[in-house]
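Convention: sequence-line order gives letters A, B, ...; per-chain numbering from 1. All figures in this text were calculated on a predicted structure; none of them were measured in a lab. Computed over heavy atoms, backbone and side chain alike; hydrogens, waters and symmetry mates excluded.
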There are 2 protein chains.
Amino acid sequence: MANQIASSRAPSFLKCSQCSLGNLCLPVGMNNQDMGELESIIDSTSPYNDDAPVYTAGQSFDKIFAVKSGMFKSVIVDSLGNDHITGFHLPGELFGLDAIHSEKYTSSAVSLGTSSLCAIEYKELEHLSHRLPSLQHQLMNLMSKEVRTSQSLNVDLTAEQKLAGFLVALSSRYKQRGYSETRFHLVMPRRDIANHLNMAPETVSRLFKRFANDGLLEINRTDLTIVNMQALKEMSGCLSVC
Amino acid sequence: MANQIASSRAPSFLKCSQCSLGNLCLPVGMNNQDMGELESIIDSTSPYNDDAPVYTAGQSFDKIFAVKSGMFKSVIVDSLGNDHITGFHLPGELFGLDAIHSEKYTSSAVSLGTSSLCAIEYKELEHLSHRLPSLQHQLMNLMSKEVRTSQSLNVDLTAEQKLAGFLVALSSRYKQRGYSETRFHLVMPRRDIANHLNMAPETVSRLFKRFANDGLLEINRTDLTIVNMQALKEMSGCLSVC
DNA sequence: GCTTTTACTTGATTCATATCAAGCGCACTT
DNA sequence: AAGTGCGCTTGATATGAATCAAGTAAAAGC
């Protein structure tokens with residue numbers, strides 16, 4: 001299965017113990033018995049179509065979510081109504097964690113293409129993690145990682161560095177999931193990449209062209225092949241990678 | 001005590017139960033007995049002088065810290081050696097949480113002026129939070145808040161909006177701590193404000209002048225008075241506030 | 001008390017990237 | 001197969017903020 005091109009096809013796993021994402025997701029470090037307890041509070045949702053919302057900013061917070069297949073994005077809206085994409089979520093990644101401290105979701109989550117989720121009642125998760133140290137440990141690890149990822153996005157970089165870093169980080173996340181690190185589909189439109197990295201879509205387009213001209217990558221619509229990973233890494237300034 | 005101007009003078013509290021910051025810090029929601037247990041794993045450190053490091057990026061992670069008095073900043077360094085200030089930490093705030101998921105501190109922490117800290121062995125804190133649900137709850141809340149704060153800093157705003165937002169957020173944090181929300185000292189130099197907000201120090205200087213000319217605030221060296229809070233809030237686009 | 005340093009201010013110029021404005025091409029419709 | 005729409009590309013121009021370059025003023029050192 002490794003090194004196939006990442007797709008948004010949804011395998012219909014039901015149990016954490018049978019899920020191939022266990023080494024990335026909540027069950028990291030858990031024994032079979034604990035995993036059984038975790039499974040008992042997890043709901044599998046029906047698939048989400050392209051652009052389908054999981055929750056909307058302002059709704060009362062109750063669940064966090066783990067991506068089973070496909071991709072989701074988190075979006076915050078400022079007071080002028082401008083969107084900002086705070087992150088893209090790949091299989092095995094959690095989202096909704098930013099809402100814990102408030103009673104409401106502070107961002108909206110939306111599916112990119114067809115995707116599927118596990119839903120976890122946060123109250124139950126919190127309760128269970130009192131009894132399962134390994135679960136609590138992993139939850140803290142994931143939160144800490146999220147803090148760090150957001151922080152490294154704040155660093156002042158050129159458009160070139162930001163896009164290179166984005167691609168390298170995405171590649172690395174696909175690799176962790178058993179997909180090819182050099183060839184994958186860009187599920188999100190250019191507009192979304194641009195928004196997430198705080199640049200104009202035109203800039204993303206121009207940079208892709210330059211990267212291709214310079215032999216760093218080949219790109220055709222959503223089909224991306226990284227040709228010179230090392231150069232991309234160096235260009236990125238190693239913001240969230242290295 | 002309320003509404004005095006924030007200073008870096010250090011009150012020498014020893015116990016959480018006697019600390020005025022209990023309503024913001026880790027003990028939120030804890031009963032006296034639980035607080036006693038928490039106190040048993042907390043070390044009070046000797047004061048830090050201006051620019052004194054608490055830890056340096058790369059050091060092995062063992063403790064997280066809570067600010068008792070004064071202010072600290074967290075700094076990450078990219079591969080080119082450029083610093084980036086990820087945050088300023090006021091009394092009652094925790095830092096070091098970004099290091100949990102790795103074995104090492106990923107940022108450096110440095111005192112601004114004379115400041116003091118509580119130090120908490122993370123292993124012990126994690127262990128204790130298995131037994132104290134309220135502690136675990138508050139820890140998750142604080143992490144979640146940190147995620148959200150970092151995310152809102154990523155939103156694409158003009159220099160004007162960013163600086164206005166920074167001042168409004170700082171004001172609100174001082175207010176929570178019982179200090180004046182309209183008048184306080186900017187402990188950090190312009191250079192640090194600029195770095196944190198990804199702008200040039202010259203831009204910060206020019207903006208302060210413009211804000212003063214427009215009657216939004218009065219500023220003299222480090223002494224800041226906010227004259228028109230409403231206008232500043234509106235200008236900020238309500239990034240991390242509202 | 002004078003010099004030096006450091007932080008900050010102010011003005012002139014440059015530059016990276018946004019914005020504006022067409023145009024292209026693939027996919028979906030009918 | 002022609003029409004339509006949307007996402008993307010490409011070029012020309014505008015602009016916000018960085019950089020460069022002095023100059024000022026408060027604090028620190030001698």
Side-chain angles (χ1 to χ4, degrees), chain A residues 8 49-51 73 78 80 82-85 110 112-114 154-167 185-214 217-224 235-237, chain B residues 8 49-51 73 80 82-85 110 112-114 153-167 185-214 217-224 235-237:
Chain A
S8 56
N49 292 324
D50 191 28
D51 247 354
K73 61 178 174 183
D78 71 21
L80 297 166
N82 299 312
D83 285 2
H84 179 77
I85 298 172
V110 174
L112 288 163
T114 303
N154 278 331
V155 176
D156 193 23
L157 300 170
T158 62
E160 177 181 283
Q161 290 175 309
K162 286 194 284 189
L163 186 60
F166 174 75
L167 295 176
H185 289 296
L186 289 173
V187 182
M188 70 294 283
R190 305 282 191 271
R191 171 174 31 88
D192 283 359
I193 298 175
N195 178 299
H196 177 54
L197 300 176
N198 283 331
M199 47 178 101
E202 292 94 330
T203 305
V204 173
S205 184
R206 283 185 249 265
L207 284 173
F208 273 140
K209 194 185 182 186
R210 201 163 88 213
F211 288 173
N213 284 341
D214 294 353
L217 50 78
E218 283 162 18
I219 187 164
N220 189 283
R221 232 170 153 52
T222 67
D223 180 10
L224 177 78
M235 180 179 278
S236 75
Chain B
S8 56
N49 292 322
D50 191 29
D51 247 355
K73 63 179 173 184
L80 297 167
N82 299 313
D83 284 3
H84 179 77
I85 298 171
V110 174
L112 288 162
T114 303
L153 271 170
N154 277 332
V155 175
D156 193 22
L157 300 170
T158 63
E160 178 182 280
Q161 291 174 309
K162 286 194 283 187
L163 187 60
F166 174 75
L167 295 177
H185 288 296
L186 289 173
V187 183
M188 69 296 282
R190 305 281 190 272
R191 173 174 28 88
D192 282 359
I193 298 175
N195 176 301
H196 178 54
L197 300 175
N198 283 332
M199 47 180 99
E202 292 94 328
T203 305
V204 173
S205 186
R206 283 184 249 265
L207 284 172
F208 273 140
K209 194 187 181 184
R210 201 164 88 213
F211 288 173
N213 285 341
D214 294 351
L217 49 78
E218 284 162 18
I219 187 163
N220 189 285
R221 226 167 159 52
T222 68
D223 180 10
L224 177 78
M235 182 180 276
S236 75

- Task: Identify, with sequence neighbours excluded, every residue that meets side chain to side chain contact (heavy atoms under 4.5 Å, CB included) alongside Asn82(A).
- Result: Asp78(A), Leu80(A)
- Message: Going by the rule side chain to side chain contact (heavy atoms under 4.5 Å, CB included), which residues pair with Asp156(A) if we only count those two or more places apart in sequence or in a different chain?
- Response: Asn198(B)
Between [N] ([atom2]) and [X] ([atom1]): distance, integer Å:
| X | N | atom1 | atom2 | result |
| --- | --- | --- | --- | --- |
| Phe208(A) | dT10(D) | CZ | C1' | 16 Å |
| Leu163(A) | dC8(D) | CG | C1' | 15 Å |
| Asn220(A) | dC8(D) | CG | P | 12 Å |
| Arg210(A) | dT10(D) | CZ | P | 14 Å |
| Leu207(B) | dG16(D) | CG | P | 12 Å |
| Asn213(A) | dT9(D) | CG | C1' | 13 Å |
| Met188(A) | dC8(D) | CE | C1' | 16 Å |

How far apart are the closest heavy atoms of [X] and [Y], and which atoms are they?
| X | Y | value |
| --- | --- | --- |
| Asn195(A) | Asp83(A) | ND2-O, 3.2 Å |
| Val204(B) | Met199(B) | CG2-SD, 3.9 Å |
| Ala194(A) | Ala200(A) | CB-C, 3.7 Å |
| Pro189(A) | Leu112(A) | CD-CD2, 4.4 Å |

- Take Pro189(B) and Arg206(B), find for each the nucleotide of DNA chain C with the closest heavy atom, and name the residue whose nucleotide sits nearer the 5' end. Pro189(B)
- Message: Based on the rotation axes of five pairs at each end, what angle does the helix from dG1(C)-dC30(D) to dT30(C)-dA1(D) bend through, to 10°?
- Response: 40°
- Residues forming a side chain to side chain donor-acceptor pair (under 3.5 Å) with Thr158(B), sequence neighbours excluded: Gln161(B)
- Nucleotides bounding contact with chain B, strand DNA chain C, heavy-atom threshold 4.0 Å: dA7(C) to dA12(C)
- Item | Contact residues, residues 191-205 of chain A to DNA chain D [heavy atom, < 4.0 Å] | Arg191(A), Glu202(A), Ser205(A)
- Under the side chain to side chain contact (heavy atoms under 4.5 Å, CB included) criterion, do His196(B) and Leu153(B) qualify, and how do the steps go? CA-CA 9 Å; His196(B) 178 54; Leu153(B) 271 170; 3.7 Å; yes
Side-chain heavy atoms of [X] within contact of [Y], under 4.5 Å:
| X | Y | answer |
| --- | --- | --- |
| Phe208(A) | Leu167(A) | yes |
| Thr114(A) | Asp50(A) | no |
| Phe211(B) | Leu224(B) | no |

- Message: Using side chain to side chain contact (heavy atoms under 4.5 Å, CB included), reason through Ile85(A) and Ile193(A) one step at a time and then give a plain yes or no.
- Response: CA-CA 9 Å; Ile85(A) 298 172; Ile193(A) 298 175; over 6 Å; no
- Note on the structure: For residues 186-214 of chain A, the salt bridge (Lys or Arg N to Asp or Glu O under 4.0 Å) pairs (sequence neighbours left out) are Lys73(A)-Asp192(A), Glu160(A)-Arg210(A)
- Item | First encountered from the 5' end of DNA chain D, between Asp156(A) and Ile219(A) | Ile219(A)
- Message: Run the side chain to side chain contact (heavy atoms under 4.5 Å, CB included) test on Thr203(A) and Leu197(A) for me, step by step, so that the C-alpha distance in whole Å, both residues' side-chain angles and the decisive distance to 0.1 Å come before the verdict.
- Response: CA-CA 11 Å; Thr203(A) 305; Leu197(A) 300 176; over 6 Å; no
Between N or O atoms, less than 3.5 Å apart, protein on one side and nucleotides 24-30 of chain D on the other: list the pairs.
none

